Protein chains: 2
Amino acid sequence: MIYLTQQKRVLASIFEKADRPLTPVEICERARTDLPSLGIATVYRAIKQFLEDGQVRLVEVPGAAPHYESAARHHHHFFVCQSCKRLFDLIGCVRGVKSLAPQGFRVKQHEIVLYGECSSCAVDSSKS
Amino acid sequence: MIYLTQQKRVLASIFEKADRPLTPVEICERARTDLPSLGIATVYRAIKQFLEDGQVRLVEVPGAAPHYESAARHHHHFFVCQSCKRLFDLIGCVRGVKSLAPQGFRVKQHEIVLYGECSSCAVDSSKS
DNA sequence: ATGATATTGAGAGTCAACTATCAATTTAAC
DNA sequence: GTTAAATTGATAGTTGACTCTCAATATCAT
């Protein structure tokens, strides 16, 4: 039997409200607004359950820690800000990616990641 | 003063000869053909120096351990075999990737990764 | 409300990738 | 060849991301 607890309710709402993929630590920080004593282990446990349910997905990009996002968000790729390390969504996708694979290779998924500075970090660095 | 040692010479030649990005452990194994007592710490130390020199670059792809390759190899992307975990080069690139970034974002690099089965694993899995 | 059981928070433990330490060895300027 | 300084190999330690343990607490069927 799986209990629906206060912490899972709060954590689920963090995922629903998030506008970008978050790390477990970011999720924990946000949830502590409502549940100040929330432990990181509980965040990981909830993420594990949400992943199994299929309501959350793992976002792994090179050069960044693992992030998680609501599975309700549609297929997209990411922008990694090399300055603040946050992830942002890219809108759209490019065609012809799968045709890059050599003969005989079976392509099942693909990932596109852009690296650089997000708009707010780009403004900050042009100031200094 | 930086000494040019036997181990650095051997490690540099591994990178030159490699036909794909390698993990530190793979590099160490290959180098032990010439230097059986080579320690993994020395491999990491050499990689660090080579990275600083700019003669080697880090290849980070989600779902695979960090790999390293000669910087002399030209810009390319990767195929990760989900079965044998090896990395393979993709030939060519797709255009229009940078235009996926939102307004105000500064794109400095990009990465494209395909996931699936390499030709030899695809053959093996169709047999069984 | 009660009680069986799932969950929680805190902290210890794990794991992989790497880094520091240090005595022994190698390098290279002389 | 000597010798000061860099490097090496072995191994212990660190780091980040996560998992386990366990006593205290919350949940929910009754």
Side-chain angles (χ1 to χ4, degrees), chain A residues 1-15 21-53 55-69 78 80 82 84-87, chain B residues 1-15 21-53 55-69 78 80 82 84-87:
Chain A
M1 218 272 106
I2 288 173
Y3 291 176
L4 179 54
T5 62
Q6 197 55 45
Q7 10 291 86
K8 282 185 210 166
R9 252 188 298 263
V10 169
L11 290 168
S13 84
I14 299 293
F15 281 108
L22 303 171
T23 63
V25 170
E26 285 174 329
I27 293 160
C28 193
E29 284 166 357
R30 292 187 182 199
R32 280 182 173 158
T33 313
D34 293 324
L35 295 169
S37 70
L38 184 72
I40 188 73
T42 300
V43 175
Y44 278 106
R45 281 187 287 238
I47 288 172
K48 196 179 180 186
Q49 277 186 16
F50 295 167
L51 284 171
E52 281 162 10
D53 292 353
Q55 69 181 275
V56 155
R57 83 166 72 92
L58 167 64
V59 176
E60 267 186 305
V61 285
H67 287 63
Y68 299 87
E69 66 173 358
F78 303 98
V80 182
Q82 293 172 320
C84 67
K85 306 292 178 192
R86 284 184 299 175
L87 292 194
Chain B
M1 222 259 118
I2 289 175
Y3 291 174
L4 178 53
T5 63
Q6 197 56 43
Q7 12 290 88
K8 282 185 210 166
R9 253 189 297 262
V10 169
L11 290 167
S13 83
I14 300 291
F15 281 108
L22 302 170
T23 64
V25 171
E26 285 174 329
I27 293 159
C28 192
E29 284 166 357
R30 292 187 182 200
R32 279 182 173 157
T33 313
D34 293 325
L35 294 169
S37 71
L38 184 72
I40 189 72
T42 301
V43 174
Y44 278 107
R45 281 187 286 238
I47 288 171
K48 195 178 180 186
Q49 276 186 18
F50 294 167
L51 284 171
E52 280 163 10
D53 291 354
Q55 68 180 277
V56 156
R57 83 167 71 94
L58 166 64
V59 176
E60 269 187 304
V61 283
H67 288 62
Y68 299 87
E69 66 173 359
F78 303 97
V80 182
Q82 293 172 320
C84 69
K85 306 292 176 191
R86 283 184 299 175
L87 292 193

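Computed from a predicted model, the values in this text were never measured in an experiment. Below, read A as the first sequence line, B as the second, and so on, with proteins coming before strands; counting in each chain starts at 1.
Straight-line distance from the CG atom of B/Leu38 to the P atom of D/dT8: 9 Å, rounded to whole Å. Atom pair A/Arg45:CZ and D/dA26:P shows a separation of 15 Å (rounding to whole Å applied). In this entry the distance linking NZ of A/Lys8 with P of D/dA26 reads 15 Å, nearest Å. Rounded to whole Å, atom P of D/dA17 lies 11 Å from atom CD of A/Glu26. When rounded to the nearest whole Å, the span between CZ of A/Arg9 and C1' of D/dC28 equals 12 Å. The nearest whole Å value for the distance from the CD1 atom in B/Ile40 to the P atom in D/dT8 is 13 Å.
Taking for each of A/Gln7 and A/Pro66 the nucleotide of DNA chain D with the nearest heavy atom, the 5'-most of the two is the partner of A/Pro66. Checking B/Tyr3 against A/Ala46, the closest nucleotide of DNA chain C that is more toward the 5' end is the one next to A/Ala46. Between B/Leu4 and B/Ala41, the residue anchored closer to the 5' end of DNA chain C is B/Ala41, taking for each the nucleotide with the nearest heavy atom.
The two residues A/Cys28 and A/Leu38 make their nearest non-hydrogen contact at SG-O, 3.9 Å. Closest non-hydrogen pair, B/Arg32 versus B/Gly39, comes out as NH2-CA, 4.1 Å. Contact record, A/Pro24 with A/Tyr68: CG-CE1, 3.6 Å, taken as the closest heavy-atom pair. Scanning all heavy atoms of the two residues, the minimum distance from B/Pro21 to B/Glu69 falls at CG-OE1, 3.8 Å.
A sub-4.0 Å separation between OP1 or OP2 of D/dT7 and a side-chain N or O of B/Tyr44 is absent. The shortest distance between the side-chain N/O atoms of B/Thr5 and the OP1/OP2 oxygens of D/dT8 is below 4.0 Å.
You can see that DNA chain C meets the heavy atoms of chain B within a 4.0 Å-exclusive cut from C/dA17 to C/dA29, reading 5' to 3'.
Side-chain atoms of A/Ile2 and A/Lys8, non-hydrogen and from C-beta on, do get closer than 4.5 Å to each other.
A/His67 pairs in a side-chain contact (heavy atoms from CB on, under 4.5 Å) with only one of the listed residues (A/Ile27, A/Val59, A/Val80), which is A/Val59.
Here CG of B/Leu11 is found 10.5 Å from CD of B/Gln6. Values are rounded to the nearest 0.5 Å.
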